[in-house]
Amino acid sequence: MAMERANLLNMAKLSIKGLIESALSFGRTLDSDYPPLQQFFVVMEHCLKHGLKVKKSFLGYNKSLWGPLEMVEKLCPEAGEIAASVRDLPGLKTPLGRARAWLRLALMQKKLADYLRLLITRKDILSEFYENSAVMLEEEGAVIVGLLVGLNVIDANLCVKGEDLDTQVGVIDFSMYLKNDIDDDYRSEERNGQISAILDQKNYVEELNRQLNSTVQGLQGRVESLEKSNSKLIEELAIAKNNIIKLQEENHQLRTENSVILMKAQQRLEVLLKGDLNCELDTYKQSRQGLDEMYNEARRQLKEECQLRQDVENELVVQVSMKQEMEMAMKLLEKDIHEKQDTLIGLRHQLDEVKSINVEMYQKMQSSDDSMRQKNDMIARLEEKTNQITATMKQLEQRLQDAERERAGAEDGVRKFKQDFTNKADSLQKQIAQREKQMMQLETDVKIERDWRQTLQNELERERETIAQLTAEAQQINRLKKEFHRLQDENTQLKGVCEEQEQALEELGCKLSESKLKIEDIKEANKALQGGQVWLKDKDATHCKLCEKEFSISRRKHHCRNCGEIFCNACSDNELPLPASPKPVRVCDTCHALLLQRCSSNAT
């Protein structure tokens, strides 16, 4: 066994050295048809097979490499992807074929040495598969794993699906390693120099890749922050637009109200004019007392119109102040947009620098084309995102310009309304002056119209009767208001009674739930005391009751001490004290949740 280990170690050294030298001279990624690579896999297969324990089966004796390699998945979670892909390959039917596929995938991933190092450190696991004098349990295995670290320089592109890995014959070809010593020494010196230069370049490339990854992550974070800020700006613009629309609606309402007020004033003036003309034509002239009353009414109406005008002007002042505040908010938004544009310009400069670095790296790194292409794709996506952000920023600018135009139109409308209102007020004042002149003329003719006072007094009595009727109606309205307030008080009292009854019902529900839980606890205690719990037999259960997974040697059966059903370890990994047993015992997940709920309800 010692001689076999020494021979396998020497063959591993030769195969790994020859593979690295030939791969560096080959200068590109290796395929599955490359002869040194095939010999390397054959040598590794012999090293892993050395000292394997023979397992008995129904068909005979079997030596399988897949057993120890499958255990790497438990030691390193990253190896789970390789194991899963090996299991999913349709053409593999034997454990040997799966082990060969696993070796090829680990080499392509450049983690073969790491996985085998983890496996060698766990000798307690390897002792189940290997004998005590096997290569994997001795010092030679550690040396071979150390030699495998040099294979990280090699890039391999192997097609595992198309190969027939189940029926390959692993024979070592010694003719590849029988060469002239002088040529080998000379070539080995040159190749060692090439290897050192390539390793230096590889380290430099890896550092640059790390820096690029960090810069890309920083750019992604900045892009995400910009997207969030843009979304906030869009929301603020939507709120500003809604405020502008509300202001426009209020302005429109004020205009309509002003037009209605003007119409009413005109109608009143027309009515007054018609009344004056009718009085002049029918009665020729009325008494001075009636004219004084009409004059007082006209004065009162003018005062009301002046008050309305002042209210409208105050509302216009408030609207102007609101518009100024909106202008300030729009200016602040424009400042934020300019700052975001500056940050975008900085990001573009950084992206240009990253592109130049990528061009230089593409000339120096032919071996890392795949990783650089992926990073170029990421940069292109970031550029697309920045372009989208710039487009959205342009749209926001256009929307701001439209909003400013609408605001200017609204201001022009307000100015026109003010001018119209002032013109109409001036016309009304002129008409009032004319009426005052007519009043002066009519006062001279009042002396002749004293005969008509009696008729006017009759009309006044009629108006007094109408006023009395209106006062009676007002008293009835006050009574109705008092009844309405009384009904509101009764409604509030009834609502308070309903809320108290609802609180009482909630307290009764809590007490009922507590009593139900106590009854269930008493029932369970009676069951535990009487021994009435149904204990399911092991033969009757083939699957877990919760997860419905089939029981096997690795998935054991466990009884729940509360319900008596059978579960797996994952579904019954809980311990709680029961009424029958004060010590904590195994309980399933459903019983554990129920018992915890009861304990919490009892505690409350």
Side-chain angles (χ1 to χ4, degrees), residues 250 252-315 417 420-493:
E250 290 177 357
H252 183 68
Q253 289 178 359
L254 290 171
R255 285 181 181 178
T256 54
E257 289 176 357
N258 288 322
S259 63
V260 170
I261 291 164
L262 290 171
M263 289 294 289
K264 287 180 179 179
Q266 288 177 0
Q267 288 176 0
R268 288 176 183 175
L269 288 170
E270 289 176 357
V271 169
L272 290 170
L273 289 170
K274 287 179 181 179
D276 292 333
L277 291 171
N278 290 323
C279 289
E280 288 175 359
L281 292 171
D282 295 332
T283 62
Y284 183 69
K285 284 179 183 180
Q286 294 177 357
S287 66
R288 185 173 181 177
Q289 186 176 0
L291 291 170
D292 291 330
E293 289 176 357
M294 295 291 290
Y295 180 73
N296 292 323
E297 287 177 358
R299 284 280 182 90
R300 184 173 54 81
Q301 289 176 0
L302 282 172
K303 287 179 181 178
E304 289 177 356
E305 288 176 357
C306 290
Q307 288 178 358
L308 289 171
R309 182 181 176 182
Q310 288 178 358
D311 294 332
V312 171
E313 287 178 353
N314 291 324
E315 288 177 356
F417 174 72
D420 294 333
F421 190 79
T422 53
N423 292 324
K424 288 179 180 178
D426 293 331
S427 65
L428 287 171
Q429 288 178 356
K430 288 178 181 179
Q431 289 177 1
I432 289 163
Q434 291 176 0
R435 293 299 175 191
E436 286 177 354
K437 289 179 182 179
Q438 291 177 0
M439 290 287 291
M440 293 295 290
Q441 291 176 0
L442 289 169
E443 284 178 356
T444 58
D445 297 328
V446 168
K447 293 178 182 180
I448 302 166
E449 294 176 353
R450 289 177 181 177
D451 297 331
W452 300 97
R453 286 181 181 178
Q454 293 179 358
T455 57
L456 292 171
Q457 287 177 359
N458 294 325
E459 288 177 357
L460 286 169
E461 288 176 355
R462 290 174 186 174
E463 287 177 356
R464 285 173 184 174
E465 289 176 356
T466 55
I467 289 163
Q469 290 177 359
L470 290 171
T471 54
E473 289 177 356
Q475 289 176 359
Q476 289 179 358
I477 290 165
N478 290 322
R479 290 173 186 173
L480 291 171
K481 284 182 179 179
K482 289 178 181 179
E483 289 179 357
F484 179 72
H485 289 301
R486 183 175 58 79
L487 291 171
Q488 281 184 348
D489 294 330
E490 289 177 358
N491 189 10
T492 53
Q493 290 176 1

Colleague: Could you work out, with side-chain hydrogen bond (donor to acceptor under 3.5 Å, both in side chains) as the rule, every residue matching Glu304, not counting sequence neighbours?
Modeller: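 Only Arg300 meet the side-chain hydrogen bond (donor to acceptor under 3.5 Å, both in side chains) criterion with Glu304.
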Colleague: I need the full list of salt bridge (charged side-chain N to carboxylate O under 4.0 Å, His left out) pairs touching residues 461-486, with sequence neighbours left out, sorted by first then second residue.
Modeller: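 For residues 461-486, and leaving out neighbouring residues, the salt bridge (charged side-chain N to carboxylate O under 4.0 Å, His left out) pairs sorted by first residue read Arg486-Glu490.
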Colleague: Atom CD of Gln475 and atom CG of Leu470: how far apart are they, to the nearest 0.5 Å?
Modeller: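 Gln475 atom CD to Leu470 atom CG measures 11.5 Å (nearest 0.5 Å).
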Colleague: Name all residues meeting the side-chain contact (heavy atoms from CB on, under 4.5 Å) criterion together with Gln493; count only those two or more places apart in sequence or in a different chain, and write none if there are none.
Modeller: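 If we apply the side-chain contact (heavy atoms from CB on, under 4.5 Å) test to Gln493, skipping adjacent residues, there are no hits.
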Colleague: Which residues pass the side-chain contact (heavy atoms from CB on, under 4.5 Å) test with Glu257, sequence neighbours left out?
Modeller: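 Applying side-chain contact (heavy atoms from CB on, under 4.5 Å) to Glu257 gives Leu254.
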